[in-house]
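Here is how names work: the chains are called A, B, and so on, in the same order as the sequence lines, proteins then strands, and each is numbered from 1.
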Protein chains: 2
Amino acid sequence: MAARAGVSQTTVSHVLNSTPHTRVKEDTAARVRAAAEELGYRPNRLARGLRTHASDMIGLLTEEIATTPHAGRIILGAQQEASRRNLTLAIINSELHLDPEVDAAPIQAFLDRQADGIIYATVYHDEIIAPENISTRPAVLIGARDAAGVIPSVLPDERAGSASVVEMLVRMGHRRIAFAASAEDVPATRGRLQGYLDGMQAAGLSTENLVVPAAADARGGYAATLDLLDHAPTAVFCYNDRMAMGAYRAAGQRGLTIPTDLSVVGFDDQAPIPDSLFPTLTTVVLPHYEMGAWAVATLSALIDGRAEAGLLAGHPTVLSCPIIERDSVASPSTRSH
Amino acid sequence: MAARAGVSQTTVSHVLNSTPHTRVKEDTAARVRAAAEELGYRPNRLARGLRTHASDMIGLLTEEIATTPHAGRIILGAQQEASRRNLTLAIINSELHLDPEVDAAPIQAFLDRQADGIIYATVYHDEIIAPENISTRPAVLIGARDAAGVIPSVLPDERAGSASVVEMLVRMGHRRIAFAASAEDVPATRGRLQGYLDGMQAAGLSTENLVVPAAADARGGYAATLDLLDHAPTAVFCYNDRMAMGAYRAAGQRGLTIPTDLSVVGFDDQAPIPDSLFPTLTTVVLPHYEMGAWAVATLSALIDGRAEAGLLAGHPTVLSCPIIERDSVASPSTRSH
DNA sequence: CTGAAAGCGCTTACAG
DNA sequence: CTGAAAGCGCTTACAG
């Protein structure tokens, strides 16, 4: 390559990397670029990395890629942000044990490849003890707070998202708003329920008999809604979209039309449910894409020294969960049922 | 590291890689391993790769990671097979244009990092012209045949999967089996319809008035089923699970109980639909996980010279699509409706 | 059984 | 404005 352009490898490097503070005569540079083009020359990133101690690769360690509905969107957000920054994203989907010892292994794989930084994405945990070796490099957490308080993290604001649903419902005139809760003991359960309670309290509404916990699936939603319907709610807010599917079924069985007789709201925006229901389901989205993108952007800043982990780690970044309005919500009709 | 064990870097390399045809005295080896352990020494894979011209990394280029429901399972299958073989999987999710020029760019990113091989995963295309630069390294295709016939590929046997549904229905006594088809012009449309027709023909059954094309979503399935129901089918086989959701709605509206009055079968096993429906939906799974795993296993064989692309490329590997039986199918009741 | 030396393909002071 | 030389951290003939 250098021979082809009649210059040294040094000059090739300067030209192709536009090394700062280095002037190369324009026609020399042109000659280099032409030769590179002709030969299809591409610098070997491995060699570059060895020399610069930077791989321009970041590792994403994720649990439950297939089980959890939205891990795909975290990956997508991270991937696109990485592409934008000319970083390569390597992914390992491990069964995370949330055990600092065991989970160190997949991270080691990234370290061995000189990853510039690491993203550790968990779902359903609010605080974790990160694998010890993760702090060898810049790192960020998605979906969990670092127990040690040294790794920056990003979380969805499920509580506020949940409260905003109640607000919306109240604004439309609902006063008897029921919550089909999850019986599972995960942070999302607490956050969404708490948000509902926040909203009801803010509006000065009673929640008596209006909260029923059940399995976090369609059958649970069906059972919970059937119970709830005995207490004449005008709206049922469900812990998740799958429960909302059950709520539709329960409403149909009681001869109630959505949204005229009963408004229903879900949570998750889990494709393809909301668009596949009759009528389509108003629900709350989790900012998965945004969290993935945030992780890469933040990691990049950490790597380049444009940000400091210590400053960020103090309080997790919290991303809001907006409501997606579709057709399952209306003002309560005056006739009672 | 070498100093710590009191040996040369050569010996360290021999011990840690158990270089073939090289004997190292056992206590020397033990000393090396002990030192490595103590120091937490890990060989730099970049340096190794530079020297050996192998990165032990393979690249997966995929389109529509988030849009298509099951890309996650392809990634999971590929990832787990890669881990099993000590390979790292790097992923780029690009908008594939199926244009050999444009799609060359993301592949170049892998080549620059000296990927040992490349997986190109597309969905919904039966034949593609692969980017020219892909053949620089061993490569395999998922979900599409290579127009040039040089790259090995793997495809789901949707046609046979579809035919097997009809067979099952016939075995249970159904004779008026309707098909809610997709109006979209993609290979899956043709394969699934053809399989239905194969099955009906094999059983000597008429399909007159029993095939209605519609949009491939819940609303399309609803409309198609409403039409179909005028021709008294005892079973409706839907192009996909979303259409099946619509079929449930249509059946409910006509007062038909599933499966007693009408059997319904879907296709895709798209979570969370099948388990969230009342009753749960019998459907056909696409072998996404298996295709991902096949791709890595095959690529690995190609890289190691254990397989030859020329031999494999002749005919694509076809993986079967099994039926997952749930509760939406029963023998037709004798009473007519 | 073990080590010295070369070299993988780059970048980066440094010199001119 | 350009190049010679060193060195990143490994592996691999080769020598002993």
Residue pair Ser8(A), Thr11(A): steps toward the side-chain hydrogen bond (donor to acceptor under 3.5 Å, both in side chains) verdict: CA-CA 5 Å; Ser8(A) 70; Thr11(A) 301; 3.2 Å; yes

Residue Arg48(B), side-chain atoms from C-beta onward, closest of dC10(D), dG9(D), dG9(C): dC10(D)

Among dC10(D), dC10(C), dT2(C), which nucleotide sits nearest the side chain of Asn44(B)? dC10(D)

Atom-to-atom span, [atom1] of [X] to [atom2] of [N] - whole angstrom:
X: Arg51(B); N: dG7(C); atom1: CZ; atom2: P; value: 9 Å
X: Leu50(A); N: dA6(D); atom1: CG; atom2: P; value: 18 Å
X: Arg45(B); N: dC8(D); atom1: CZ; atom2: C1'; value: 17 Å
X: Gln114(B); N: dC8(C); atom1: CD; atom2: P; value: 14 Å
X: Arg31(B); N: dC1(C); atom1: CZ; atom2: P; value: 14 Å
X: His53(A); N: dC10(D); atom1: NE2; atom2: C1'; value: 13 Å
X: Leu16(A); N: dG9(C); atom1: CG; atom2: P; value: 16 Å
X: Gln9(B); N: dA4(C); atom1: CD; atom2: C1'; value: 13 Å

Applying side-chain hydrogen bond (donor to acceptor under 3.5 Å, both in side chains), name anything that partners Thr52(B), two or more places apart in sequence or on another chain. none

Distances under 3.5 Å only, N/O to N/O: pair up the protein atoms with those of nucleotides 14-16 of chain D.
none

Any side-chain donor near an acceptor of the partner, Thr88(A) and Arg113(B), under 3.5 Å: yes

Result for side-chain hydrogen bond (donor to acceptor under 3.5 Å, both in side chains) between Ser83(A) and one of Gln80(A), Gln79(A), Glu81(A) points to Gln79(A)

Is there a side-chain contact between [X] and the phosphate of [N], meaning an N or O under 4.0 Å from OP1 or OP2?
X: Ser8(B); N: dG3(C); result: yes
X: Thr11(A); N: dC1(D); result: no
X: Asn17(B); N: dT11(D); result: yes
X: Ser13(B); N: dT11(D); result: yes

With rounding to the nearest 0.5 angstrom, report the CG to CD1 distance, Leu155(B) to Ile142(B). 10.0 Å

Tell which nucleotide pairs with dA13(C), taking only Watson-Crick or G-U wobble pairs whose two distances are both under 3.5 angstrom. none

Using Watson-Crick or G-U wobble geometry with both distances below 3.5 Å, tell me the partner of dA4(C), or none. none

Under a 4.0 Å N-O cut-off, is there an ion pair linking Arg45(B) with Asp112(A)? no

Taking Arg33(A) first and then Glu26(A), would you say they form a salt bridge - that is, a charged N and a carboxylate O separated by under 4.0 Å? yes

Taking the side chain as everything from C-beta on, heavy atoms only, tell me whether Asp116(A) gets closer than 4.5 Å to Met57(A). no

DNA chain C: 5'-proximal contact among Ala29(B) and Thr10(A) (nearest heavy atom): Ala29(B)

Per nearest nucleotide of DNA chain C, the residue lying toward the 5' end, Lys25(B) or Thr52(B), is Lys25(B)

Taking any heavy-atom pair under 4.0 Å as a contact, classify Val12(B): base, sugar-phosphate, or nothing. nothing

